[in-house]
Chemist: 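Below is the structure I would like to discuss, written out as structure tokens.
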Amino acid sequence: KKKTASLALHTIATTTTQATQEPTTTMMMKKSATRSAPTRTTLTWLLLVVLLLSCCISSTMARKTVSVRLEMQLDENPQDTSWEIRGPLPRIKIVANALYDDYTGMENEVVEERLELEQGNSYYFLLTDYMNDGIKGGTFRIVAEMPHRGDVILQEGDGEFDSGMAFTLQIPYDVETQASI
């Protein structure tokens, strides 16, 4: 049916062309508009290609990570301490954590946790204490290990808080990596 309609339109345009030039333009514009209007299938495929390309680009960029080190001086009740990192923002997926009781038996020790986070992204960091007395006499520090810049301290502080503290970490780009993006 579509081919028949297209041929009929072409015949009308040809017949009209012999009679006068003005209707030809109108008929040709209608014919062009009919022919160039994308179908729903074409638009769907185009959208799919765009989405696939954007996923490929973002997954390539997402592979560029930085080693991040969390150092904590625990207190006499390390089983009360927990932490988590969520992101990259705006997502809130937990990417790393330690639960209550994970540090049981590690009184007053310094612990070091290592993870990989995506460069240029932001993450939430949440540090909590089950007994609502912080990490008495303790400290924490979060460091990004940058191959071309050296260590970058993202956040540090003492353990003086009640039930918890939260803040945003901005993971920097390494100088050489940023230039290659």
Side-chain angles (χ1 to χ4, degrees), residues 41 43-181:
T41 305
L43 291 173
T44 303
W45 279 106
L46 182 61
L47 180 61
L48 182 61
V49 168
V50 168
L51 287 173
L52 286 173
L53 286 173
S54 67
C55 287
C56 291
I57 290 169
S58 67
S59 68
T60 301
M61 293 175 80
R63 290 187 191 126
K64 297 182 186 307
T65 60
V66 171
S67 235
V68 175
R69 185 175 72 241
L70 168 62
E71 304 165 348
M72 282 192 301
Q73 167 71 52
L74 299 172
D75 63 7
E76 293 178 1
N77 300 303
Q79 70 278 359
D80 296 344
T81 302
S82 76
W83 60 268
E84 67 184 34
I85 295 178
R86 294 178 174 256
L89 300 180
R91 294 182 300 185
I92 55 170
K93 178 183 171 190
I94 296 174
V95 294
N97 68 333
L99 304 174
Y100 294 119
D101 293 330
D102 281 359
Y103 299 120
T104 298
M106 302 177 74
E107 290 83 2
N108 300 310
E109 289 187 32
V110 175
V111 295
E112 185 177 285
E113 305 283 353
R114 294 184 167 276
L115 50 139
E116 295 289 319
L117 297 178
E118 298 173 10
Q119 294 184 39
N121 285 316
S122 297
Y123 295 83
Y124 287 126
F125 177 79
L126 178 63
L127 180 61
T128 58
D129 184 80
Y130 182 75
M131 295 303 289
N132 299 326
D133 61 359
I135 306 173
K136 293 178 185 173
T139 60
F140 73 94
R141 185 164 78 155
I142 304 170
V143 179
E145 299 172 346
M146 312 298 288
H148 298 95
R149 296 172 60 181
D151 287 354
V152 176
I153 297 172
L154 303 176
Q155 189 75 28
E156 64 183 337
D158 58 30
E160 301 299 318
F161 59 90
D162 293 325
S163 61
M165 61 173 33
F167 45 84
T168 304
L169 298 174
Q170 178 64 43
I171 309 303
Y173 284 103
D174 198 19
V175 176
E176 200 163 290
T177 305
Q178 186 175 14
S180 68
I181 291 180

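Quick caveat: nothing in here was measured; it's all calculated off a predicted structure.
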Chemist: Under a 3.5 Å threshold, yes or no: a donor from one side chain and an acceptor from the other, between S122 and Q170?
Modeler: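 S122 vs Q170: donor-acceptor pair found between side chains.
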Chemist: Under 4.5 Å between any side-chain heavy atoms of V111 and M106, yes or no?
Modeler: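 When only atoms from C-beta onward are counted, M106 and V111 do touch, with a gap below 4.5 Å.
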Chemist: Is the backbone N or O of D174 less than 3.5 Å from a side-chain atom of Q119, with the two atoms forming a donor-acceptor pair by type?
Modeler: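 Judged by distance alone, yes, a pair lies under 3.5 Å.
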Chemist: Could you check whether any side-chain heavy atom of D129 comes within less than 4.5 Å of a side-chain heavy atom of D162, counting everything from C-beta outward?
Modeler: no
Chemist: Under 4.5 Å between any side-chain heavy atoms of M72 and T139, yes or no?
Modeler: no
Chemist: Parallel, tilted or perpendicular, judged at 30° and 60°: which one describes the rings of F125 and W83?
Modeler: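 Taking W83 first and then F125, their aromatic rings lie parallel (interplane angle under 30°).
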Chemist: So which atom in E112 and which in E71 form the shortest heavy-atom distance, rounded to 0.1 Å?
Modeler: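 For E112 and E71, the tightest heavy-atom pair comes out as OE1-OE2, 4.2 Å.
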Chemist: Going by ring pair (Phe, Tyr, Trp, His ring centres under 6.0 Å), name the residues that satisfy it together with Y103, two or more places apart in sequence or in a different chain.
Modeler: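 Partners of Y103 under the ring pair (Phe, Tyr, Trp, His ring centres under 6.0 Å) test: none.
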Chemist: Quick one: which of V143, I142, T168 gives a side chain to side chain contact (heavy atoms under 4.5 Å, CB included) with L154?
Modeler: I142
Chemist: Any side-chain heavy atom of V66 within less than 4.5 Å of one from Y173?
Modeler: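 A side-chain contact is absent here, since even the closest heavy-atom pair is not under 4.5 Å.
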Chemist: So E116 and S67, do their side chains get closer than 4.5 Å, heavy atoms only?
Modeler: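 Touching, per the 4.5 Å side-chain cut-off.
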Chemist: Just verifying a value: how many Å separate Q73 CD and R141 CZ, rounded to the nearest 0.5 Å?
Modeler: 12.5 Å
Chemist: Verify whether one side chain among T104 and Q79 offers a donor that lies under 3.5 Å from an acceptor in the other.
Modeler: no
Chemist: Got T128 and Y100 here, is their nearest side-chain heavy-atom distance under 4.5 Å?
Modeler: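 Heavy-atom side-chain distance check passes, below 4.5 Å.
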Chemist: Counting only heavy atoms not in E107 (residues, nucleotides, ligands), do more than 12 fall under 6.0 Å from its CD?
Modeler: yes
Chemist: Taking the side chain as C-beta and beyond, is there a heavy-atom pair between M146 and P172 under 4.5 Å?
Modeler: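 They are in contact (side-chain heavy atoms under 4.5 Å apart), so the answer is yes.
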Chemist: Quick one: are Q155 and F167 in side-chain contact, heavy atoms under 4.5 Å?
Modeler: yes
Chemist: Is there a side-chain contact (heavy atoms from CB on, under 4.5 Å) between I85 and Y124? Walk through the geometry before answering.
Modeler: CA-CA 6 Å; I85 295 178; Y124 287 126; over 6 Å; no
Chemist: List the atom of D75, the atom of I135, and the distance in Å for their closest heavy-atom pair.
Modeler: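 Closest approach of D75 to I135, heavy atoms only: OD2-CA, 3.4 Å.
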Chemist: Once rounded to the nearest 0.5 Å, what's the spacing between atom OG1 of T65 and atom CG of L117?
Modeler: 8.0 Å
Chemist: Check the pair N77 / K136 against side-chain contact (heavy atoms from CB on, under 4.5 Å), numbers first and verdict last.
Modeler: CA-CA 9 Å; N77 300 303; K136 293 178 185 173; 5.6 Å; no
Chemist: I'd like to know if R69 and E145 make a salt bridge, using a cut-off of under 4.0 Å between side-chain N and carboxylate O.
Modeler: yes
Chemist: Rounded to the nearest 0.5 Å, what separation is found between the CZ atom of F140 and the OG1 atom of T81?
Modeler: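 That separation rounds to 12.0 Å.
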Chemist: Nearest 0.5 Å please: distance from the OG atom of S82 over to the CG atom of L126.
Modeler: 7.0 Å
Chemist: Taking side-chain contact (heavy atoms from CB on, under 4.5 Å) as the test, write out the residues that go with N97, two or more places apart.
Modeler: E84, I94, L99
Chemist: For R91, what residues pass the salt bridge (charged side-chain N to carboxylate O under 4.0 Å, His left out) criterion, not counting sequence neighbours?
Modeler: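 So R91 forms no salt bridge (charged side-chain N to carboxylate O under 4.0 Å, His left out) with any residue.
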